[in-house]
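Notes to accompany the following structure.
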Amino acid sequence: MSDCLFCKIIAGEIPSTVVYEDDMIFAFRDIEPQAPEHIVIVPKEHIGSANEITGENSKYVAAIFEKIPAIAKELGIDKDGYRVVNNCGEYGGQTVHHLHFHLMGGRPFGWPAG
Ligand code: AMP
Ligand code: ZN
């Protein structure tokens, strides 16, 4: 998608601080971190939101979740724990319409979410 912010970040057209990359997924530091460690993890294929996950593209979601333990360990947040968040659509607070998961750690998080 030529007008998608995260597609441009994946393509290197917009700079980011890359934390992890392979053939399927891309992880970079959030520009407005909500925690001491705040990483955005995205599929390299454009998927608009969680509403667009299918049997065809769910391998990207699996690839993201398979890598979360290693990324969390690399960030040093695995032992204390962390939060993984997906915001979907208007009520979910999604602002960038390319599926992504926030990986946040380095502080405790409350529950229930606001
Ligand atoms: P969401 O609200 O779930 O759609 O999350 C979008 C996230 O992308 C927000 O946490 C933003 O701070 C983050 N973001 C927006 N632009 C950039 C950028 N250029 N580099 C890194 N993170 C960004
Ligand atoms: Zn995109």
Side-chain angles (χ1 to χ4, degrees):
M1 288 262 294
S2 57
D3 61 345
C4 170
L5 175 66
F6 287 171
C7 282
K8 287 179 180 167
I9 286 178
I10 293 163
E13 293 165 16
I14 292 174
S16 67
T17 304
V18 184
V19 171
Y20 177 79
E21 177 179 15
D22 63 27
D23 57 331
M24 294 188 69
I25 74 172
F26 195 88
F28 53 97
R29 292 200 172 274
D30 197 292
I31 205 166
E32 284 183 47
Q34 307 295 314
E37 299 290 349
H38 185 169
I39 307 302
V40 179
I41 315 175
V42 306
K44 282 195 169 175
E45 178 176 299
H46 181 88
I47 301 167
S49 78
N51 278 335
E52 295 178 19
I53 297 170
T54 66
E56 296 294 305
N57 64 28
S58 61
K59 59 183 185 267
Y60 289 95
V61 180
I64 288 169
F65 277 82
E66 280 172 30
K67 270 293 159 197
I68 282 175
I71 296 171
K73 192 169 182 187
E74 180 69 25
L75 296 172
I77 61 173
D78 55 319
K79 294 213 166 50
D80 284 339
Y82 48 84
R83 182 159 290 178
V84 179
V85 170
N86 169 255
N87 297 325
C88 179
E90 184 185 349
Y91 278 17
Q94 185 177 6
T95 60
V96 179
H97 296 279
H98 179 129
L99 179 68
H100 55 280
F101 295 88
H102 299 262
L103 170 61
M104 297 175 289
R107 70 167 172 88
F109 295 91
W111 190 262

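What you are looking at is a predicted structure, and each value in this text was computed from that prediction instead of being measured.
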Could you pull out all residues at least two apart from F109 that satisfy ring pair (Phe, Tyr, Trp, His ring centres under 6.0 Å)? none
Consider only side-chain heavy atoms of I, L, V, M, F, W and Y, link residues closer than 4.5 Å, and tell whether I68 and L99 are in one cluster. yes
Return the minimal non-hydrogen interatomic distance between S58 and I53, and the atom names on each side. CB-CG2, 4.1 Å
Approximate separation, where rounding is to 0.5 Å, of C4 SG and I47 CD1: 11.0 Å
Nearest-0.5 Å distance that lies between atom CG in L5 and atom NE2 in H97: 11.0 Å
Please output the side-chain donor-acceptor pairs of residues 71-90 that fall under 3.5 Å, not counting sequence neighbours, one pair per line with the distance.
{"from": "R83", "atom 1": "NH1", "to": "G110", "atom 2": "O", "distance (Å)": "2.9"}
{"from": "R83", "atom 1": "NH2", "to": "G110", "atom 2": "O", "distance (Å)": "3.0"}
{"from": "N86", "atom 1": "ND2", "to": "H100", "atom 2": "O", "distance (Å)": "3.1"}

Evaluate the criterion side-chain contact (heavy atoms from CB on, under 4.5 Å) for residue pair I9 and H98; output intermediate values, then yes/no. CA-CA 11 Å; I9 286 178; H98 179 129; over 6 Å; no
In terms of hydrophobic clusters joined by side-chain contacts under 4.5 Å, are L103 and I64 together? yes
What closest approach, in Å, do P36 and G106 show between heavy atoms, and which atom pair accounts for it? CG-O, 3.5 Å
Quick test of your reading: applying salt bridge (Lys or Arg N to Asp or Glu O under 4.0 Å), list the pairs with at least one residue in residues 45-71, sequence neighbours left out, ordered by first then second residue. none
Looking only at heavy atoms, what is the nearest atom pair of A35 and G105, with distance? CB-O, 3.5 Å
Which pairs pass ring pair (Phe, Tyr, Trp, His ring centres under 6.0 Å) with one or both residues in residues 57-79, sequence neighbours excluded? F65-F101
Output side-chain donor-acceptor pairs under 3.5 Å for residues 16-30, partner residues at least two apart or in another chain, one line each.
{"from": "Y20", "atom 1": "OH", "to": "D22", "atom 2": "OD2", "distance (Å)": "2.7"}
{"from": "E21", "atom 1": "OE2", "to": "K44", "atom 2": "NZ", "distance (Å)": "2.7"}
{"from": "D22", "atom 1": "OD1", "to": "M24", "atom 2": "N", "distance (Å)": "2.8"}
{"from": "D22", "atom 1": "OD1", "to": "I25", "atom 2": "N", "distance (Å)": "2.9"}
{"from": "R29", "atom 1": "NH1", "to": "E37", "atom 2": "OE1", "distance (Å)": "2.8"}
{"from": "R29", "atom 1": "NH2", "to": "E37", "atom 2": "OE1", "distance (Å)": "3.2"}
{"from": "D30", "atom 1": "OD1", "to": "E32", "atom 2": "N", "distance (Å)": "2.8"}
{"from": "D30", "atom 1": "OD2", "to": "H38", "atom 2": "NE2", "distance (Å)": "3.4"}

